[in-house]
There are 2 protein chains.
Amino acid sequence: MTLIFSNDDIDRLLTMPEYIDVLEDAYRELEEGRGVVRARTDSLAPTINSDAVYGLKSADGIAPKFRTSAVRINSDIITCPEINGQPRRVKVPAAPDNRWVGLVLLFSTDNGEPLAIFPDGVMQRMRVGATSGLGIKFMARENAETVGMIGSGWQAGAQLLAVTSVRNVKSVKVFSPSQENCVGFCGEWSGKVEATLIPVATAEEAMSEVDIALCSSSSLDYIYYKEWLTPGLHLTSIKLPEIHPDAALAADRLVIHNLEDKQPILSAAGTPSLENVRGTHGEVKTSIQFDKLPTLFDLISGKVVGRENDAEITCFLNNTGTGYQFAACGAVAVAKAKELGIGNEVPTNWFTEDVHP
Amino acid sequence: MTLIFSNDDIDRLLTMPEYIDVLEDAYRELEEGRGVVRARTDSLAPTINSDAVYGLKSADGIAPKFRTSAVRINSDIITCPEINGQPRRVKVPAAPDNRWVGLVLLFSTDNGEPLAIFPDGVMQRMRVGATSGLGIKFMARENAETVGMIGSGWQAGAQLLAVTSVRNVKSVKVFSPSQENCVGFCGEWSGKVEATLIPVATAEEAMSEVDIALCSSSSLDYIYYKEWLTPGLHLTSIKLPEIHPDAALAADRLVIHNLEDKQPILSAAGTPSLENVRGTHGEVKTSIQFDKLPTLFDLISGKVVGRENDAEITCFLNNTGTGYQFAACGAVAVAKAKELGIGNEVPTNWFTEDVHP
């Protein structure tokens with residue numbers, strides 16, 4: 001039988017500490033060459049709404065240690081409005097019932113069969129959180145206990161789970177351009193983590209006098225600046241544009257998630273101009289030579305040291321994820337689902353065939 | 001609702017003449033830049049059987065005219081035995097109930113929703129057939145009525161349907177290294193096409209004194225040679241290695257299906273040697289400069305002429321297909337399925353989500 005999971009199922013199946021453990025293990029495999037990452041591709045075409053663009057993203061990977069492969073697919077209607085004075089890339093939930101379309105298909109490398117199909121949303125944000133969490137685990141001060149955050153959206157929750165999973169966090173100051181969202185976020189998460197959550201009025205206030213600074217916004221512009229750095233800080237972002245290059249370059253140690261195998265964006269004739277849809281593929285004007293930076297793989301394997309003393313400023317740049325991450329995390333989710341009886345079973349024969357493909 | 005089709009459903013939904021029409025239309029779009037082809041990628045890794053390799057293939061594309069996109073995925077267990085003295089690449093049906101794993105996911109470019117999920121086998125072979133059929137339509141003599149075929153397997157049936165769809169074929173001589181398969185094939189197809197099918201004892205006999213020569217084998221070695229060419233012949237193959245380069249280059253007009261955007265094969269450490277798994281990505285030692293050849297797109301758009309007189313020898317080389325073809329053919333299949341009430345409906349919400357991906 002092939003398992004169909006909902007996002008709620010995925011949520012119940014894996015906790016943040018488990019994602020962090022799985023990914024640490026998976027990255028060690030990848031560092032040793034024992035895995036395959038097929039870089040994400042982005043294809044764009046016109047859609048019926050001329051102010052929007054249709055986007056098809058796919059990425060895949062094989063995780064032999066976990067005996068799985070995964071393909072992640074996103075079928076998006078993309079717009080680029082200005083929100084709170086800043087350009088944002090907004091995926092419109094245009095599918096029936098106002099829903100988004102992101103799917104993961106998980107296969108067995110033992111016999112090729114489809115093991116599971118599930119929406120990508122929960123695992124996506126948890127693995128982004130876990131990736132930042134690994135940066136914090138290997139780079140932040142052991143005794144870090146105060147955190148500042150910019151952003152109070154979907155990704156921010158996973159960042160909060162990640163930082164509180166790897167450090168004994170006492171307090172978290174949170175800023176969002178929408179004060180309402182910010183207060184709501186602090187209320188929602190107060191019972192779920194041990195740290196005290198404090199909504200604050202400005203980004204600078206959130207980021208001042210903290211041990212760890214988390215950028216977890218949907219902004220396509222800089223939101224963290226060099227002037228805010230303090231000795232001993234660990235600074236991290238979920239997207240490259242969030243941290244001003246001067247701030248990243250001023251850190252004593254700067255590590256990037258992975259060296260991306262950038263694929264050109266493929267675009268059909270007649271696709272609306274993408275001038276405003278920055279960030280679609282992480283294109284950033286910067287003075288940072290990303291391809292010269294050490295990676296999370298180097299950190300985990302011990303090739304580079306994350307921090308040598310409590311005075312150093314460290315910075316971790318999270319960037320594009322991979323299908324490989326879904327293969328590894330998906331394998332653990334399926335194993336737990338079988339143990340716990342979670343997920344809807346459908347006949348595997350729906351997704352296999354008796355004719356040669 | 002999202003439609004789940006079986007291969008039998010796909011078989012009922014579209015006929016060969018429909019595939020040929022859809023693809024002719026689709027290629028014209030593509031020639032004009034109004035579509036996206038994301039080239040196939042091949043990833044390889046070890047599997048539990050050390051004599052086999054796990055392969056994950058994916059390809060995708062967007063067909064704005066048809067308002068669809070498609071992702072095609074193959075999750076294969078691959079071996080490379082020698083059969084009848086010739087090396088073959090064999091995908092093992094290792095999934096439960098001895099099945100293969102090839103899937104197409106079709107999405108709407110209007111709202112992103114998943115329209116259908118179906119196995120790839122039937123559409124795959126029909127579009128290979130239709131592609132050869134377009135080559136025949138634009139290059140073979142109008143009065144061609146005798147055909148020779150090498151191969152009597154799964155692909156051969158679609159080649160037969162294609163040639164009989166575009167020319168008034170009277171007789172087809174068929175050769176296969178397995179005489180039993182050859183006779184079985186002729187018996188099976190005799191009632192389905194108007195032409196007379198004649199099993200013959202050698203490849204040369206099949207290919208002699210015919211107007212159209214079809215290579216539709218699973219061989220990774222040459223099976224058609226220059227010595228067999230005769231004036232007025234149209235020669236076609238489903239894979240590049242089938243026709244000896246000297247034969248292809250001796251043709252007056254030589255056209256290739258498409259100029260492939262070749263992606264490197266990604267391979268995990270510890271993957272068994274691929275020396276014997278030739279053909280995985282159509283790698284062929286040849287003197288033909290494929291990237292200088294005119295394509296099927298050029299033929300269909302009229303940029304090149306397929307044939308100028310009945311004495312010319314023409315040759316069409318079929319090569320790797322694209323996700324774009326599945327987007328176009330899938331759109332027509334879904335439209336017909338809705339008309340005819342074919343396919344199992346499952347809730348679209350299974351494959352969409354209410355959280356931001």
Side-chain angles (χ1 to χ4, degrees), chain A residues 4 7 32-38 41 43-48 54 56 58 60-62 64 69 71 73-77 91 94-97 99-103 105 107 109-114 117 119-122 124 154 266-270 348-357, chain B residues 4 7 32-38 41 43-48 54 56 58 60-62 64 69 71 73-77 91 94-97 99-103 105 107 109-114 117 119-122 124 154 266-270 348-357:
Chain A
I4 307 282
N7 271 321
E32 307 271 337
R34 292 189 298 266
V36 180
V37 171
R38 195 278 287 174
T41 46
S43 302
L44 300 169
T47 176
I48 39 170
Y54 174 75
L56 181 69
S58 69
D60 45 66
I62 313 177
S69 70
V71 181
I73 302 166
N74 293 88
S75 173
D76 299 321
I77 307 298
K91 294 181 186 176
D97 299 331
R99 291 163 74 92
W100 290 276
V101 185
L103 275 178
L105 291 94
F107 300 93
T109 60
D110 288 355
N111 65 0
E113 72 174 311
I117 302 177
D120 68 342
V122 165
Q124 155 65 6
W154 174 245
L266 304 169
S267 197
T348 297
N349 288 3
W350 282 15
F351 306 115
T352 61
E353 58 192 339
D354 59 4
V355 302
H356 195 290
Chain B
I4 308 281
N7 271 320
E32 308 270 338
R34 293 188 298 266
V36 180
V37 171
R38 194 276 288 174
T41 46
S43 303
L44 300 169
T47 175
I48 39 171
Y54 174 76
L56 181 70
S58 69
D60 44 67
I62 313 177
S69 69
V71 181
I73 301 167
N74 293 89
S75 172
D76 298 322
I77 307 297
K91 295 181 185 175
D97 299 331
R99 289 163 75 91
W100 289 275
V101 185
L103 275 177
L105 290 94
F107 299 93
T109 60
D110 288 356
N111 64 1
E113 73 173 312
I117 302 178
D120 67 342
V122 165
Q124 154 65 7
W154 174 245
L266 304 169
S267 197
T348 296
N349 287 3
W350 282 16
F351 307 115
T352 61
E353 58 193 337
D354 59 4
V355 303
H356 194 289

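These numbers were taken from a predicted model, which means no experiment stands behind them. Below, all heavy atoms of this structure are taken into account, side chains as well, without hydrogens, waters or symmetry copies. So that the names make sense, note that chain A is the first sequence line, chain B the second, and so on, each numbered from 1.
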Any side-chain heavy-atom pair from A:Thr352 and B:Pro96 closer than 4.5 angstrom?
no

Is B:Leu105 close to A:Leu105 at the side-chain level, that is, under 4.5 Å between some pair of heavy atoms?
yes

Over all atoms of both residues, closest heavy-atom pair of [X] and [Y]:
X: B:Ser58; Y: A:Asp60; result: OG-OD2, 2.6 Å
X: A:Leu44; Y: B:Val36; result: O-CG2, 3.5 Å
X: B:Leu266; Y: A:Val37; result: CD1-O, 3.4 Å
X: B:Ala45; Y: A:Ile62; result: CB-CG2, 3.6 Å

Does A:Glu353 use its side chain to pair, donor to acceptor, with the backbone of B:Pro119 at less than 3.5 Å?
no

Option in [options] with maximal non-hydrogen atom pairs under 4.5 Å from chain A:
options: B:Arg34, B:Arg38, B:Gln124; value: B:Arg38
options: B:Ala94, B:Pro114, B:Gly102, B:Gly61; value: B:Ala94
options: B:Pro46, B:Gly33, B:Pro64; value: B:Gly33
options: B:Thr109, B:Thr348, B:Asp120, B:Ile73; value: B:Thr109

Taking side chain as everything from C-beta outward and backbone as N, CA, C, O, which of these in [X] sits under 4.5 Å from a heavy atom of chain B? Side chain, backbone, both or neither.
X: A:Asn74; answer: side chain
X: A:Trp154; answer: side chain
X: A:Val355; answer: both

Please list, chain by chain and in numerical order, all residues satisfying side chain to side chain donor-acceptor pair (under 3.5 Å) with A:Asp354, sequence neighbours excluded.
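With sequence neighbours excluded, A:Asp354 shows a side chain to side chain donor-acceptor pair (under 3.5 Å) to no residue whatsoever.
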
Of all of A:Asp97, A:Asp76, A:Leu103, which one pairs up most often with chain B through heavy atoms under 4.5 Å apart?
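Most pairs with chain B among the choices: A:Leu103.
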
Nearest 0.5 Å, please: how far is CH2 in A:Trp100 from CG in B:Asn111?
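So the gap between those two atoms works out to 14.0 Å.
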
Please flag which part of B:Asp110 lies under 4.5 Å from any non-hydrogen atom of chain A: side chain, backbone, both or neither.
both

